[in-house]
Amino acid sequence: MTDHPDPRSFIYRDGALDPERAVQLTRDALQRCDDGELYMQYHASESFAFDDGRLKTADYSSDSGFGLRGVSGEMTGFAHANDISEGAIRRAAETLRLLDVAKDEPSAPPRHNNRHLYTDGNPLEEIDFPAKTELLAKIDAAARARDPRVKQVTAALSGVWSVVEIVRADGFIASDIRPLVRLNVSIVAEQNGRRETGSFGMGGRYLYDQLFEEASWNRAIDEALAQALVNLESVDAPAGEMTVLLGPGWPGVLLHEAVGHGLEGDFNRKGTSAFSGRIGERVAAKGVTVVDDGSIADRRGSLSIDDEGTPTQENVLIEDGILKNYMQDRLNARLMGVPATGNGRRQSYAHAPMPRMTNTFMRAGKDDPEELMSRVKNGIFAKSFGGGQVDIVSGKFVFSCTEAYKVENGKLGAPIKGATLIGDGPTALTQVTGIGNDMALDEGIGMCGKGGQSVPAGVGQPTLLLEGLTVGGTAA
C-alpha cells in the first residue's frame, strides 16, 4: 500500500496550480455572478469480472479535471476540462463572460458543519490485484459446489476512489475523499431443461475488506442461488388489479423512482412535478413518512458534503402523509427562497450539479409483516425488483419483479415469473394500507439516472401493503 498523506496532491500536482491561486482564479471568474464554484476532481476506478470459470475483464482508469460554473439569476454558465491548470481555468472563465451581470448580492457560502462519514482509505490500493482475482475465483468455485443445478456463475468486483475540492469566490474551500466498492454475484441454475437466474449485490462507501469477509461473499452466493432456485419453480404471474405486498429494503427503488424524483427542487420550481405547489397538503396515506438522508455513515448514497460543498443532512420530505419539503441544490433553493438541503449532485467534474436524491426511504410503521401478509386474500408478494420504466414528471411506472410469489388467503404461495407492477407514484402513496415495523435499507447497489447523469444512490422501506395496484402478468 502506497502512503499518500495528502490526497489533495492528486488535484494540485505537477505545480500546475496551488490552492491559493485556485481561490484567486475563482474570484476573478465569478465576479459577475450570484453564485458558482470551481469543482476539481481526481477519480480512479477499477472493475473485475469473473465469468464462465475465468477472469473475463480487468479494467483500471483514472481521470482528473475541473468544472467551472457561474450562476447569474436563472442563467448558468458552465465549462470543464481535463487539465487542472491556471491556463485551462482562465480559458473556461471566458464562457462566464456571456452571463448577465448579477443584480443581487452573492449567495452566502455553505455552512461548515459537516461530519466525515467514511474512511479516507483507498480501496484500489488496500488489497493487491492477485487477491481480488482470487476472491472472484473462490466465489465461482463455491457457487458451483453449492448445488448441481448451478450452470453459470458471474462474479464482479468494482472500486472507486475520488478526491474532490470545491472552491468559491468568497474563499470557501471544501474537500472530500470518497471511496465506493461493490460486489455482485449472478447465478444461472438449470432443472429439467429450464434455466433461471438469480442475483445479489452489496457495497458502500468503505474499503474492500468488508466484501472480502467470508461471511459476506458467502451470503451473496446464498442469496443469488436461492433466487435462481425459487425462479426454477415459478409459474406464470396473474394479471389484474390486486393487493400487493412489497418486501423491505431494495423494493424501495419503486419509491425512489416513482415518488423521489418528483420531490426534487428543479421539477417543482418549474411546476412540472405532480407535487408542485403542494407543500402542506396530504399526498400520501396516514403513516407514510418519506426521508432523504445523505448523512448515514458508509451508505452508497451518502456524502460528507454534496457537490456544491453543502453538508448533507436528514430531510423529511413527507411526514405522516403530508408533504413537507423538496430536495434542493443551491440554485433552486435560492430561486425558491428556501435553504439548500445538501442534494446538489453531479456525476463528475464534466457535469453541472442538479437536485438529486442520496439515500431515500420510507420510515418504519407499527405493523407486523406477518400480520400484513394475513390481510392479503388474493394478491402477490414482491420481494425483489429488476428493471423498470418511469416518467419522472408524472410518476407513472412499470417495474418488473425478479422474485415474487402468489398470496392466497394470507398464505405465501407459488413463486411467479413475468410479474410487473404498473401505476403512478402519487396515487400509489395513497393506496398504502399497512406499513411494517421492519424498515431496511438496500444492500448498496443502486444507481440513479437523471438528465444524462448517473450517481450512486440508496433506497429503503419497510414491508408495505398496497391496495388496488395493477399487476401485469403472463398467465393465460
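Computation of the quantities below employed the complete heavy-atom set of this structure, encompassing side-chain atoms and omitting hydrogens, waters and symmetry-equivalent molecules. What you are looking at is a predicted structure, and each value in this text was computed from that prediction instead of being measured. We're numbering straight along the sequence, starting at 1.
M202 is not listed as a side-chain neighbour of R182, based on a closest heavy-atom distance of 4.5 Å or more. You'll find the side chain of N315 stays beyond 4.5 Å of the side chain of V291, heavy atoms only. Contact check for L372 versus L245: side-chain heavy atoms found under the 4.5 Å cut-off. Side-chain contact check for Q328 versus V338: some heavy-atom pair is nearer than 4.5 Å. Using a 4.5 Å cut-off on side-chain heavy atoms (C-beta onward), L469 and L421 make contact. For the pair F200 and Q227, the minimum side-chain heavy-atom distance is 4.5 Å or more. Looking at V288 and D320, their side chains never come closer than 4.5 Å, going by heavy atoms from C-beta outward. In this structure the side chain of H261 reaches within 4.5 angstrom of the side chain of H256, judged on heavy atoms.
Between atom CG of residue N218 and atom CD1 of residue I221 there is a gap of 5.0 Å, rounded to the nearest 0.5 Å. Atom-to-atom distance recorded for I187:CD1 and T197:OG1 is 10.0 Å, nearest 0.5 angstrom. Expressed to the nearest 0.5 Å, how far CG of N231 lies from OG1 of T402 amounts to 7.5 Å. The distance from the CG atom of L135 to the CH2 atom of W217 is 7.0 Å, given to the nearest 0.5 Å. Rounding to the nearest 0.5 angstrom, the gap separating the CZ atom in R330 from the CG atom in D35 is 4.0 Å. Residue D424 holds its CG atom at 7.0 Å from CZ of F397, rounded to the nearest 0.5 Å.
Between R375 and E370, none of the side-chain N atoms (NZ, or NE/NH1/NH2) sits under 4.0 Å from a carboxylate O, so this pair counts as no salt bridge. Salt bridge absent: E37 and R168 never bring a charged side-chain N and a carboxylate O closer than 4.0 Å. Using a 4.0 Å cut-off between charged side-chain N and carboxylate O, E190 and R194 make no salt bridge. A salt bridge is defined here as a Lys NZ or Arg NE, NH1 or NH2 lying under 4.0 Å from an Asp or Glu carboxylate O, and D391 with K396 fails to meet this definition. Salt bridge R269/E74: present, at least one basic N to carboxylate O contact under 4.0 Å. Salt bridge status for R299 with D442: present, with a side-chain N to carboxylate O gap under 4.0 Å. A salt bridge links E46 with K132; the closest basic N to acidic carboxylate O contact falls under 4.0 Å. Salt bridge absent: D298 and R205 never bring a charged side-chain N and a carboxylate O closer than 4.0 Å. Taking a cutoff of 4.0 Å between a charged side-chain nitrogen and a carboxylate oxygen, D266 and K450 qualify as a salt bridge. E264 and K270 are not joined by a salt bridge, as no carboxylate oxygen comes within less than 4.0 angstrom of a charged side-chain nitrogen. Between D140 and R144 a salt bridge is recorded (basic side-chain N to carboxylate O distance below 4.0 Å).
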Derivation and outcome, side-chain hydrogen bond (donor to acceptor under 3.5 Å, both in side chains), residues S45 and S61
CA-CA 6 Å; S45 65; S61 64; 3.1 Å; yes

Using side-chain contact (heavy atoms from CB on, under 4.5 Å), reason through V290 and L255 one step at a time and then give a plain yes or no.
CA-CA 9 Å; V290 178; L255 179 77; 4.2 Å; yes

Passes side-chain hydrogen bond (donor to acceptor under 3.5 Å, both in side chains), N325 versus T341? Steps please.
CA-CA 10 Å; N325 294 292; T341 60; over 6 Å; no

Could you walk me through whether R178 and D307 pass the salt bridge (charged side-chain N to carboxylate O under 4.0 Å, His left out) check?
CA-CA 12 Å; R178 300 170 177 172; D307 293 321; 2.7 Å; yes

Passes side-chain contact (heavy atoms from CB on, under 4.5 Å), N268 versus F275? Steps please.
CA-CA 7 Å; N268 289 282; F275 297 101; 3.9 Å; yes

Run L323 and E281 through side-chain contact (heavy atoms from CB on, under 4.5 Å) and show every step you take.
CA-CA 6 Å; L323 181 60; E281 295 183 16; 5.6 Å; no

Stepwise, does the side-chain hydrogen bond (donor to acceptor under 3.5 Å, both in side chains) test hold for D292 with N359?
CA-CA 5 Å; D292 183 87; N359 303 299; over 6 Å; no

Show your reasoning for whether side-chain hydrogen bond (donor to acceptor under 3.5 Å, both in side chains) applies to D51 and T154.
CA-CA 5 Å; D51 187 44; T154 301; 2.6 Å; yes

Test side-chain contact (heavy atoms from CB on, under 4.5 Å) on L207 and V181 and set out the steps.
CA-CA 7 Å; L207 302 182; V181 296; 5.8 Å; no

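No side-chain donor-acceptor contact under 3.5 Å links Q41 and S348. A donor and an acceptor atom, one from each side chain of T289 and E319, are nowhere located under 3.5 Å apart. D306 and T312 share no donor-acceptor pair across their side chains, judged by distance under 3.5 Å alone. Residues Q313 and S295 have side chains that never bring a donor and an acceptor to within less than 3.5 angstrom of each other.
Across every non-hydrogen atom of G201 and N184, the tightest pair is CA-ND2, 3.7 Å. Taking every heavy atom of both residues into account, W250 and S384 meet most closely at CD1-OG, 3.8 Å. Pairing each heavy atom of A237 with each of G418, the nearest pair is CB-C, 4.1 Å. Taking each heavy atom of G121 and P179 in turn, the nearest pair found is O-CB, 3.9 Å. Heavy atoms only, all atoms of each residue included: D329 and A340 are closest at O-CB, 4.1 Å. Closest approach of G294 and T358 over heavy atoms only: N-OG1, 3.1 Å.
Looking at R346, R111, R334, R69 one by one, the single match for salt bridge (charged side-chain N to carboxylate O under 4.0 Å, His left out) with E308 turns out to be R69.
At distances below 3.5 Å, not a single donor-acceptor pair connects side-chain atoms of E196 with backbone N or O atoms of A228. The backbone N or O of F267 lies less than 3.5 Å from a partner atom in the side chain of T272, making a donor-acceptor pair. With S62 contributing its side chain and A44 its backbone, the two residues share no donor-acceptor pair below 3.5 Å. E403 places no side-chain N or O within 3.5 Å of a backbone atom of K383 that could act as its donor or acceptor partner.
For F129 and F48, the ring centers sit closer than 6.0 Å to each other.
Ring geometry for W161 against Y42 counts as perpendicular: the plane angle is over 60°, on a 0 to 90° scale with 30° as the lower cut.
Pairs passing the ring pair (Phe, Tyr, Trp, His ring centres under 6.0 Å) check and including a residue from residues 342-396, sequence neighbours excluded, read F385-F399.
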